[in-house]
Amino acid sequence: MGRIADAFARARTENRAALVIYLCAGDPDLKTTEELIVAAAEAGADVIELGVPFSDPTADGPAIQRAAERSLRGGTTLAKVLDTVRVVRRRTNVPILLFGYYNPILGYGEQRLVDDAAQSGADGFLVVDLPPEESAGLRGPAIEKGLDFIPLLAPTSSPERIAQAGRVATSFIYYVSMTGVTGSQATDLRSAAERAGALQRELGRPVALGFGVKTTGDVATVAPYVDGVVVGSAVVRAIEDAPTPEAAVTAARALVSELVKGLPRR
Amino acid sequence: MRYVPRLMQVPEAAFAGRYGPYGGRYVAETLMPALDELTRAYRESQADPAFQAELASLLHHYAGRETPVYFASRLSEIVGSRIWLKREDLCHTGAHKVNNTIGQVLLAKRMGKTRIIAETGAGQHGVATATSCALMGLPCEVYMGAEDVRRQAPNVRRMELLGAKVHSVSAGSATLKDAMNEALRDWVTNVRTTHYCVGSVAGPHPYPMIVRDFQAVIGRESRAQMLEQAGKLPDAVVACVGGGSNAIGIFAGFIEDETVRLIGVEAAGEGIETGRHAAPLTAGGVGVLHGAKSYVLQTPDGQIVEAHSISAGLDYPGVGPEHAWLKDTGRAQYVAVTDDAALEAFLQLCRTEGIIPALETSHAFAYLPALAEELGADADILVCLSGRGDKDLETVLQKLKERAEPSGPHR
């Protein structure tokens with residue numbers, strides 16, 4: 001079992017949901033990203049989704065778009081993100097999921113990326129614009145190297161697509177709580193969590209719910225129903241609002257320490 | 001590799017949106033079911049005689065089809081081959097875009113969608129979508145880059161008069177690419193009620209197929225018109241290529257006629273060598289943008305690069321996937337001409353034929369002298385005159401003024 005599956009299993013034995021924290025690599029800079037990963041892990045994040053910035057992030061709302069722009073202005077590339085993973089891996093065992101869009105991956109080369117990601121200590125891939133039917137070129141090599149490929153499901157997914165996600169998942173499945181972009185306001189998080197919980201039972205795989213989860217209260221609403229909760233834009237905003245990189249690390253640590261209070265299932 | 005027309009590759013119903021290695025569906029999971037739904041609805045509409053009759057009737061009585069093919073005798077004399085113009089500028093709304101929007105809005109109504117969104121560059125697709133929505137009583141919202149809102153102001157006013165809401169997008173390069181990003185974000189949010197009326201042969205499957213099919217009327221008509229008026233097929237067909245919808249539309253009529261050369265003209269902007277251009281087929285690489293694999297302008301790290309063209313409609317760093325396949329197989333050739341060459345061609349058509357072409361279209365004309373030199377006086381060249389240029393007057397006059405005052409500000 002890989003680090004990601006381990007993290008979900010551990011949370012389950014502790015009768016709580018796993019906390020997945022999104023960070024945009026290179027925002028505000030890659031050195032700070034390293035500190036942010038360590039701080040988030042120490043504060044209780046079970047999995048880090050490390051965003052690889054892309055120029056045209058069509059699934060993201062304004063907060064993550066701005067983070068990606070800042071990061072790209074600073075010269076972040078996929079190769080440098082892998083370097084950061086390699087360095088931070090000496091300091092923490094927290095699972096790191098590379099999260100992003102397909103074009104930078106295609107440019108890097110799928111097999112080469114899998115090799116380099118495995119060597120750097122990354123644990124898997126979640127590519128928002130790479131549905132299962134287009135994913136063979138990345139998924140095959142990833143599985144061979146023992147890296148995870150995380151499929152997504154959405155409120156619009158048909159029964160056939162749900163079954164397909166169940167077949168291709170290697171650890172957890174990411175459930176997008178609403179039709180929308182990241183950072184949108186959730187309208188009914190509880191119903192979305194119930195739906196995600198039903199999918200988890202149906203597929204026999206851990207499901208993590210993301211999109212619209214911002215506060216400890218939101219985490220507590222979702223945690224009873226699914227094995228994982230993802231917080232992204234709220235963390236990115238806390239980093240954006242901090243006046244210095246040091247303050248960003250402090251703010252992220254404080255936010256994650258707060259969010260973990262919503263995880264226990266009583 | 002040899003180009004095999006789409007319909008011969010696989011049975012129509014099994015076509016999954018691949019043009020060789022290009023095309024596909026690279027979108028968020030949330031949109032995948034909507035693309036399936038659209039594909040199904042489109043197939044049903046194709047098989048429904050009532051739908052086809054309504055579409056044909058609207059294209060004829062409302063949009064003004066068929067459009068003429070016109071022999072441009074004065075231009076022919078100057079250029080040195082016989083030049084024929086397919087007059088899509090005479091379509092209602094002044095460009096070929098309406099062929100597609102009438103079809104898609106009709107389809108959206110059939111699917112029970114209650115809201116239409118679109119992206120637009122030059123504003124021609126936005127105007128055509130707003131027009132079709134006014135005609136069929138559906139609310140319409142159009143995303144347009146802030147830079148394009150500025151340089152195509154008349155079309156913004158037109159869309160508003162037609163009842164559409166225009167969203168100015170200031171992210172990124174504030175042009176067509178960014179407008180499409182924002183339209184995709186709207187669609188992923190409102191996908192259950194909204195149809196996204198894509199304006200070019202770009203985007204995830206089934207869009208490149210649907211838009212091509214709706215634009216193929218250009219090629220069907222002009223093939224028959226050439227046979228009747230010229231007594232033969234043209235030796236070459238030339239069209240400008242941004243996303244590539246007018247080019248695919250006219251190419252579609254000739255793709256199986258192997259003697260007919262197909263030539264797409266991209267925007268070389270300030271010059272290919274300057275890096276400030278909009279010519280992915282000429283100088284880009286293979287990548288994925290807006291849901292399809294094709295040629296794109298990108299950095300070595302896979303970040304999309306801003307395009308540059310005097311023409312808002314060509315100012316796009318991607319291109320439709322079928323063009324990528326036509327290029328690789330050699331069935332079509334792609335060349336690029338600069339802003340300055342397009343401007344010269346614009347002025348020349350105004351004065352020799354009394355036709356003010358769109359700046360997009362002017363790129364196709366700018367390639368004619370080189371092509372005529374190659375093909376000779378006996379050749380017949382058919383050009384897709386994809387749109388009229390009234391919207392470009394301000395850009396052109398500004399450029400001419402800059403030219404008259406060489407010490408003036410450079411962009």
Side-chain angles (χ1 to χ4, degrees), chain A residues 52-62 65-66 68-69 71-72 75-81 100-109 113 127-135 151-162 164-165 173-182 184 211, chain B residues 16-18 21 23-37 40 119 169-173 177-194 203-205 285-294 296-306 317-318:
Chain A
V52 178
F54 180 51
S55 52
D56 295 82
T58 52
D60 285 303
Q65 285 176 47
R66 286 194 302 270
E69 282 170 22
S71 174
L72 289 173
T76 303
T77 63
L78 182 47
K80 290 183 188 173
V81 174
Y101 293 80
Y102 186 51
N103 198 50
I105 294 175
L106 185 66
Y108 194 94
L113 174 63
V127 188
V128 287
D129 57 351
L130 195 67
E133 38 277 78
E134 307 285 4
S135 71
L152 294 105
L153 286 172
T156 52
S157 300
S158 60
E160 297 77 42
R161 301 196 60 79
I162 290 166
Q164 182 183 40
I173 292 163
Y174 190 126
Y175 182 72
V176 176
S177 74
M178 60 173 115
T179 59
V181 292
T182 55
S184 303
F211 283 46
Chain B
R18 283 284 173 190
R25 281 181 178 171
Y26 299 85
V27 296
E29 171 63 26
T30 310
L31 295 178
M32 291 294 284
L35 296 172
D36 283 334
E37 179 196 5
R40 271 195 307 276
E119 86 294 337
V169 179
S170 52
S173 55
K177 159 181 92 86
D178 310 284
M180 199 155 178
N181 287 344
E182 214 50 45
L184 281 165
R185 290 182 186 120
D186 181 315
W187 199 35
V188 85
T189 305
N190 302 296
V191 60
R192 290 190 177 98
T193 59
T194 298
H205 176 64
V286 174
V288 167
L289 175 65
H290 295 146
K293 186 182 281 185
S294 185
V296 299
L297 299 180
Q298 59 186 338
T299 67
D301 302 311
Q303 305 298 337
I304 304 301
V305 169
E306 290 178 19

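- Across A:Gly107, A:Ser158, A:Ser157, the residue that shares the most heavy-atom pairs under 4.5 angstrom with chain B is A:Ser157.
- Atom CG in B:Asp36 sits 11.0 Å away from atom CG in B:Leu31 (nearest 0.5 Å).
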*Under the side-chain contact (heavy atoms from CB on, under 4.5 Å) criterion, do A:Thr58 and A:Tyr101 qualify, and how do the steps go?*
CA-CA 9 Å; A:Thr58 52; A:Tyr101 293 80; 4.2 Å; yes
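- Per-residue heavy-atom pair counts under 4.5 Å with chain B were compared for A:Glu133, A:Arg161, A:Arg66, A:Met178, and the maximum is reached by A:Arg161.
- Options A:Ala154, A:Ser135, A:Gly180 differ in how many heavy-atom pairs under 4.5 Å they form with chain B, and the most are formed by A:Gly180.
- The list of salt bridge (charged side-chain N to carboxylate O under 4.0 Å, His left out) pairs with a residue in residues 53-62 of chain A, not counting sequence neighbours, reads A:Asp56-B:Lys177.
- Contact count against chain B (heavy-atom pairs under 4.5 Å) is highest for A:Thr179 among A:Leu78, A:Val128, A:Val176, A:Thr179.
- For B:Glu37 and B:Arg40, the salt-bridge test fails: no basic side-chain N is under 4.0 Å from an acidic carboxylate O.
- Contacts between B:Arg25 and chain A at a heavy-atom distance below 4.5 Å involve backbone atoms as well as side-chain atoms.
- Interface residue B:Val27: only backbone heavy atoms are found under 4.5 Å from chain A.
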*Please report the C-alpha distance between B:Asp178 and B:Glu119 in whole Å, then the side-chain angles of each, then the deciding distance to 0.1 Å, and finally whether the side-chain contact (heavy atoms from CB on, under 4.5 Å) criterion is met.*
CA-CA 9 Å; B:Asp178 310 284; B:Glu119 86 294 337; over 6 Å; no
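- Using a cut-off of 4.0 Å between Lys/Arg side-chain N and Asp/Glu carboxylate O, B:Arg18 and A:Glu134 are scored as salt-bridged.
- Proximity to chain B (any heavy atom under 4.5 Å) is shown, for A:Val181, by both the backbone and the side chain.
- With sequence neighbours left out, A:Phe211 forms a ring pair (Phe, Tyr, Trp, His ring centres under 6.0 Å) with no residue at all.
- The heavy-atom pair separating B:Tyr26 from B:Lys293 by the smallest distance is OH-CE, 3.6 Å.
- Between chain A and the residues B:Gly302, B:Gly285, B:Pro300, the largest count of heavy-atom pairs under 4.5 Å involves B:Gly302.
- For A:Tyr102, the part sitting under 4.5 Å from any heavy atom of chain B is the side chain, from C-beta outward, and nothing else.
- Neither the backbone nor the side chain of A:Pro151 comes within less than 4.5 Å of any heavy atom in chain B.
- In this structure, B:Gln298 contributes its side chain and B:Val286 its backbone to a donor-acceptor pair below 3.5 Å.
- When heavy atoms are compared at a cutoff of 4.5 Å, A:Ile105 does not approach chain B at all.
- Highest contact tally toward chain B, considering only A:Ser184, A:Pro104, A:Ala59, is held by A:Pro104 [criterion: heavy-atom pairs under 4.5 Å].
- Using a 4.5 Å cut-off between heavy atoms, A:Gln65 contacts chain B through its side chain alone, with no backbone atom that close.
- Looking at A:Leu152, the atoms closer than 4.5 Å to chain B (heavy atoms on both sides) sit in the backbone and in the side chain alike.
- With a 4.5 Å cut-off on non-hydrogen atoms, A:Pro57 touches chain B through its backbone and its side chain both.
- For chain A, the option among B:Gly287, B:Ala34, B:Pro204 with the highest count of heavy-atom pairs below 4.5 Å is B:Gly287.
- Note that CH2 of B:Trp187 is 15.5 Å distant from CD of B:Glu182, once rounded to the nearest 0.5 Å.
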